[in-house]
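Here the structure is laid out as C-alpha cells; the discussion comes afterwards.
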Amino acid sequence: MPELPEVEVTARGLEQSLAGSEVAAVRVHERRLRWPVTAGLAKRLQGQRLLSVGRRGKYLLWRFPDGVLLCHLGMSGSWRLLPGVAPGREPHDHLEIDFSGGAGGRVQARYNDPRRFGAVLWHANARGDVLAHPLLASLGIEPFDPAFGGPLLRAGLRGLRAPVKQALLAGKVVVGVGNIYASEALFAARIHPQARAGALGDERCARLAQAVRGILGQAIAAGGSTLRDFSHVDGLAGEYTVRALVYGREGEPCHRCGAAIRRIVQGARATYYCPSCQRK
DNA sequence: AAGGTAACCTGACTGC
DNA sequence: TGCAGTCAGGTTACCT
C-alpha cells in the first residue's frame, strides 16, 4: 500500500485533524513491529501538543515540543482517525493515541499493520536533529525539492553499475520511488529497467527526474490512491485518473505501442516494462 | 564500498 | 474443502 503519495496524504490528513491538539492517552497493544515500539511511549507523549506532521521519504514525522514520533508504514501499515473515544479494536490495531483540545474535539488515531513491517519510534529532541537519525541520515533527496532534477539525478547515479530500477528503489539518490512507481517512471521516461544506472546520460536523466516527479505528483493529487488498486474515475470530471501503464500488466498490450508488456525479476522484486518503448 | 541476499510477518490467491 | 506454494506496495542487516 504505502508508497510516497500515500504517506504524503496520510501526513496531511493527520496534520489537518490533529495539529494543535494534545495527547490525552496512548495505548500500545503490540510492541513487536519492525523494531519494538519505544518503551514508555505513553509517558513521553502524555500531555504534549502536536505541532505538525511531516514526512521525510516514507517516514512520517510527528513533531512535538520534546521530540519527534518517527513512523514508517512498512508494507501494510496505515493510520485511521476515529471520532471521540472510539471503542472496540480491529485485528492488527497495534497502537492508539487519543487527542483532545484541538479543532476537532476528541479524536483517536489508530495504527493498523497486519504484517508489522512498520515502525513507531520516539526521538527525543535531546538526541539531536531527527534528520540525523540513523534511519533518515542516508536518504536521498526529496523528489519535490526544487534542487532535484536531471543534473542531480545524473550525479547521484554516476559510477553505479546496478540496474537503474534497483538504483531508484534503493532511495539513496532520490526517495519515494517504490516498486510500482519505479516501473511506471521508467516507462514514462522510456528507459529500460536493466539499463546500467551509471550509463544514463543528461537527457535520459532529465526525462527520468521529470517522470519521477510527475508520477508521484499525479498520485498525490489523486488523493494518494495507489496505482495498482485504482480502477475508478473520481468525481472531478475524470481529471485525475491515475492508473498503472505497465505494473501488473504482463502480457497485455503497451498503451503506447501495443507490444506485450514483460515481467522480469530484479533483486527479488517484480519489474514490468515495454520491451519496445524502453531501451537500454 | 557497491551489490546480492536473507530476514522480518500476515493474508490473499493459485493450483492440485 | 483443504493444503502447499507463491506473491505482495519496504527496508535493514549481513555477507561477499
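Quick note: numbers below take in every heavy atom, side chains included, and nothing from hydrogens, waters or symmetry partners. All of these numbers come straight from a predicted model, not from anything done at the bench. Throughout, a chain's letter reflects where its sequence line sits, starting with A, and its residues are numbered from 1.
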So, taking the atom named CE in Met75(A) and the one named CZ in Arg116(A), what distance separates them when rounded to the nearest 0.5 Å?
15.0 Å

dist Leu60(A):CG -> Lys58(A):NZ (nearest 0.5 Å) comes out at 12.5 Å

Enumerate the protein-to-nucleotides 1-3 of chain B contacts in which both atoms are nitrogen or oxygen and the separation is below 3.5 Å.
unit_1, atom_1, unit_2, atom_2, d
dG3(B), OP1, Arg161(A), N, 2.5
dG3(B), OP1, Ala162(A), N, 2.9

Please report the distance, rounded to the nearest Å, between [atom1] in [X] and [atom2] in [N].
{"X": "Trp35(A)", "N": "dA7(B)", "atom1": "CH2", "atom2": "P", "result": "18 Å"}
{"X": "Ile180(A)", "N": "dG10(C)", "atom1": "CD1", "atom2": "C1'", "result": "12 Å"}
{"X": "Leu135(A)", "N": "dG10(C)", "atom1": "CG", "atom2": "P", "result": "16 Å"}
{"X": "Leu169(A)", "N": "dT5(B)", "atom1": "CG", "atom2": "P", "result": "15 Å"}
{"X": "Gln194(A)", "N": "dG4(B)", "atom1": "CD", "atom2": "C1'", "result": "15 Å"}
{"X": "Met75(A)", "N": "dT11(C)", "atom1": "CE", "atom2": "P", "result": "10 Å"}
{"X": "Gln266(A)", "N": "dT5(B)", "atom1": "CD", "atom2": "P", "result": "12 Å"}
{"X": "Asp113(A)", "N": "dT11(C)", "atom1": "CG", "atom2": "C1'", "result": "13 Å"}

Can a donor-acceptor pair be found between the side chains of [X] and [Y] at a distance below 3.5 Å?
{"X": "Ser100(A)", "Y": "Glu22(A)", "answer": "no"}
{"X": "His29(A)", "Y": "Glu96(A)", "answer": "yes"}
{"X": "Asn112(A)", "Y": "Ser78(A)", "answer": "no"}
{"X": "Gln46(A)", "Y": "Arg44(A)", "answer": "no"}
{"X": "Asn125(A)", "Y": "Asp66(A)", "answer": "no"}

For Gln48(A), check side chain to side chain donor-acceptor pair (under 3.5 Å) against everything at least two apart and list the hits.
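Testing Gln48(A) for side chain to side chain donor-acceptor pair (under 3.5 Å), a comparison that skips the adjacent residues, returns none.
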
Within the structure shown, what part of the strands sits under 4.0 Å from Ala270(A) by heavy-atom distance: base, sugar-phosphate, or nothing?
sugar-phosphate

Report which part of the nucleic acid Leu73(A) touches: base, sugar-phosphate, or nothing (heavy-atom distance under 4.0 Å, all strands).
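The residue Leu73(A) makes no contact with any strand.
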
Suppose we call two aromatic rings close when their centres sit under 6.0 Å apart. Are Trp122(A) and Trp62(A) close by that rule?
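No, the ring of Trp122(A) stays outside the 6.0 Å limit from the ring of Trp62(A), centre to centre.
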
How does the hydrophobic cluster around Leu139(A) look, that is, which other residues are in it when side-chain heavy atoms under 4.5 Å mark a link?
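For the cluster that includes Leu139(A), the remaining residues are Trp35(A), Tyr59(A), Leu61(A), Val68(A), Leu70(A), Leu121(A), Val130(A), Leu131(A), Leu135(A), Leu136(A), Val175(A).
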
Does the side chain of [X] get closer than 4.0 angstrom to OP1 or OP2 of [N] through an N or O atom?
{"X": "His72(A)", "N": "dT11(C)", "answer": "yes"}
{"X": "Tyr59(A)", "N": "dT12(C)", "answer": "yes"}
{"X": "Arg269(A)", "N": "dT11(C)", "answer": "no"}

Under 4.0 Å protein heavy-atom contact, by nucleotide of nucleotides 8-15 of chain B - B base, S sugar-phosphate only:
BBBS----

Is there a path of hydrophobic side-chain contacts, each under 4.5 Å between heavy atoms of I/L/V/M/F/W/Y residues, joining Leu169(A) to Phe187(A)?
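No, because Phe187(A) and Leu169(A) fall into different hydrophobic clusters, even though each may have its own neighbours under 4.5 Å.
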
Rounded distance in Å between the [atom1] positions of [N] and [M]:
{"N": "dC9(B)", "M": "dC14(C)", "atom1": "P", "result": "15 Å"}
{"N": "dT6(C)", "M": "dA6(B)", "atom1": "P", "result": "14 Å"}
{"N": "dT5(B)", "M": "dC7(C)", "atom1": "P", "result": "15 Å"}

Dot-bracket notation for DNA chain B, counting Watson-Crick and G-U pairs under 3.5 Å, with | for partners on another strand:
.|||||||.|||||||

Which nucleotide in the set dG4(B), dG9(C), dA8(C) lies at the smallest distance from any side-chain heavy atom of Gln166(A)?
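Selected nucleotide (nearest to the side chain): dG4(B).
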
N/O donor-acceptor pairs under 3.5 Å from side chains in residues 142-156 of chain A, not counting sequence neighbours:
unit_1, atom_1, unit_2, atom_2, d
Glu142(A), OE1, Arg55(A), NH1, 2.9
Glu142(A), OE1, Arg55(A), NH2, 3.0
Glu142(A), OE2, Arg56(A), NH1, 2.9
Glu142(A), OE2, Gly57(A), N, 2.7
Asp145(A), OD1, Ala147(A), N, 2.8
Arg154(A), NE, Leu200(A), O, 3.1
Arg154(A), NH1, Asp202(A), OD1, 2.7

